[in-house]
Protein chains: 2
Amino acid sequence: MAERNASPAMGSRGESLLFLTEDQLRRGIEAMFFAYRGFTADPDRILQEYGYGRAHHRAIHFINRTPGTTVNNLLSILGVTKQSLNRVLRALVEDGLVESRVGTRDKRERHLYLTDEGKALERDLSEAQRARMRAAFRNAGPEAVAGFRAVLEQMMDPEMRRHYLDGVDNG
Amino acid sequence: MAERNASPAMGSRGESLLFLTEDQLRRGIEAMFFAYRGFTADPDRILQEYGYGRAHHRAIHFINRTPGTTVNNLLSILGVTKQSLNRVLRALVEDGLVESRVGTRDKRERHLYLTDEGKALERDLSEAQRARMRAAFRNAGPEAVAGFRAVLEQMMDPEMRRHYLDGVDNG
DNA sequence: ACTTTATGTCAGCCTTGTTGACTTTCCAAG
DNA sequence: CTTGGAAAGTCAACAAGGCTGACATAAAGT
């Protein structure tokens with residue numbers, strides 16, 4: 001019920017706050033919706049050929065990013081139940097794309113790795129997705145990319161932000 | 001197979017193209033993934049209370065954006081089958097959130113409107129989503145917001161971009 | 001009169017999410 | 001050494017929301 005009627009035009013210090021109007025926010029919401037569709041479109045096509053879905057892509061992506069990650073760690077990144085993830089991982093292991101090694105320190109844990117075949121599919125999928133991202137970044141320019149990432153980071157839940165920031169070039 | 005080994009460091013005209021490295025692209029991909037989760041988290045919680053899902057939210061959003069829109073138009077925006085959309089619309093009409101009026105010029109068409117109850121839910125949902133978007137925009141600043149939108153627009157499929165650009169403040 | 005378009009609907013299938021219950025393995029504290 | 005609890009796997013059942021295919025109806029267009 002606060003600032004309803006769409007025109008916070010000027011802030012208290014006189015900056016233009018036009019970018020915070022209801023209409024601008026709606027535009028941002030729709031941008032997310034439409035862009036996410038594009039973002040997933042190319043991998044979805046490839047996955048379909050293999051009989052996999054987005055859930056498989058997500059698992060493959062994060063196993064590739066952090067080889068040897070445990071099931072539990074993957075669960076907290078993906079935010080699904082272990083039953084859901086297990087179904088996906090079982091398929092990937094059975095099909096020989098993922099290897100599940102019993103932990104050495106803690107033998108309850110399973111450490112996940114992509115096989116060569118898994119890496120090949122990962123490259124296929126992420127190259128398709130990167131191609132679109134690359135084109136978008138190039139057309140928009142480096143400053144836009146910085147803004148893109150700044151806004152997205154702010155949109156994440158804190159726990160997701162931690163996972164996101166984890167993924168820096170450290171291994 | 002083109003520019004594989006992650007370092008297109010400098011472009012032909014000498015600009016820094018560091019923002020186009022494989023790693024930067026992967027970061028962008030993960031930003032989209034994690035941010036989209038945050039983007040949908042708040043409405044998802046509200047929808048659950050009403051026994052609805054994201055599909056209902058999307059229908060409600062675009063009916064609100066363009067009152068009187070036809071089923072066909074909604075189909076092309078949402079990119080689902082009429083059977084899928086119909087299931088959702090039927091529920092919303094039965095529950096009295098959406099009104100479906102036979103067209104006057106073309107009586108085959110159904111024009112869709114939110115009822116007062118529908119508008120109330122729409123406000124609930126979009127206010128939750130806007131609150132997060134507003135915070136993200138405010139923390140990131142106007143220039144970042146411009147970049148955010150520029151990149152997302154580039155990421156859309158052309159048809160989706162048209163729908164996105166349609167939604168300018170003209171009604 | 002015939003064709004096309006817009007919509008609705010029925011039936012059935014798949015993926016991917018959920019909960020709940022149960023087992024096995026195994027580290028670690030008592 | 002025993003036991004509690006964490007990590008993992010598995011089974012069953014269910015729901016949302018995608019999909020395809022087939023078919024019905026009304027109205028518009030040719």
Measure the OG1-CZ distance between A/T70 and A/R110 for me, rounded to the nearest 0.5 Å.
-> 11.5 Å
Regarding the side chain of A/T70, the nearest nucleotide among D/dG9, C/dA6, D/dA8 is D/dA8
With sequence neighbours left out, write down each residue that passes salt bridge (Lys or Arg N to Asp or Glu O under 4.0 Å) with B/E159, or none if nothing qualifies.
-> none
Do B/F148 and A/F19 have ring centroids that are under 6.0 Å from one another?
-> no
Is there a donor in the side chain of B/Y50 and an acceptor in the side chain of B/D95, or the other way round, less than 3.5 Å apart?
-> no
In whole Å, what is the span from the CG atom of B/L47 to the P atom of C/dG17?
-> 17 Å
Please step through side chain to side chain contact (heavy atoms under 4.5 Å, CB included) for the pair B/F62 and B/L112, ending with a clear verdict.
-> CA-CA 10 Å; B/F62 286 105; B/L112 303 169; over 6 Å; no
Nearest-nucleotide wise, let me know which of A/G79 and B/L112 is further upstream toward the 5' end of DNA chain C.
-> B/L112
Respond yes when some side-chain nitrogen or oxygen of A/T81 is under 4.0 Å from OP1 or OP2 of C/dG17, and no when none is.
-> no
For atom CG of A/L75 and atom P of C/dT16, their distance in whole Å = 16 Å
For B/H111 and C/dA6, what is the distance between atoms NE2 and P respectively, to the nearest whole Å?
-> 12 Å
Tell me: CG of A/L85 to P of C/dG17, nearest whole Å?
-> 9 Å
Verify whether one side chain among A/H163 and B/E30 offers a donor that lies under 3.5 Å from an acceptor in the other.
-> no
Short side-chain N/O contact from A/N86 to OP1 or OP2 of D/dT10, under 4.0 Å = yes
Shared hydrophobic cluster, B/L75 / B/I77 (ILVMFWY, side-chain heavy atoms < 4.5 Å) = yes
What one-letter contact string describes nucleotides 23-30 of chain C from 5' to 3', where B marks a base within less than 4.0 Å of any protein heavy atom, S marks contact via sugar-phosphate atoms alone, and - marks no contact?
-> --BBS---
Rounded to the nearest Å, what distance is computed from the NZ atom of residue A/K82 to the P atom of nucleotide C/dG17?
-> 16 Å
State the CE-CZ distance between B/M155 and A/R132, to the nearest 0.5 angstrom.
-> 8.5 Å
Side-chain N or O of A/N72 less than 4.0 angstrom from OP1 or OP2 on D/dA8?
-> yes
Closest non-hydrogen atoms of B/R149 and A/G28, given as atom of the first, atom of the second and distance, are NH1-N, 4.3 Å
With the criterion being N/O to N/O and under 3.5 Å, what pairs connect the protein with nucleotides 11-17 of chain D, and how long is each?
| from | atom 1 | to | atom 2 | distance (Å) |
| --- | --- | --- | --- | --- |
| D/dG17 | OP1 | B/G53 | N | 3.4 |
| D/dG17 | OP1 | B/R54 | N | 3.2 |

Atom pair distance, as rounded to whole Å: CG in B/L78 and P in C/dT7 = 13 Å
Within this structure, what is the CG-to-P distance between B/L74 and C/dA6, rounded to whole angstrom?
-> 14 Å
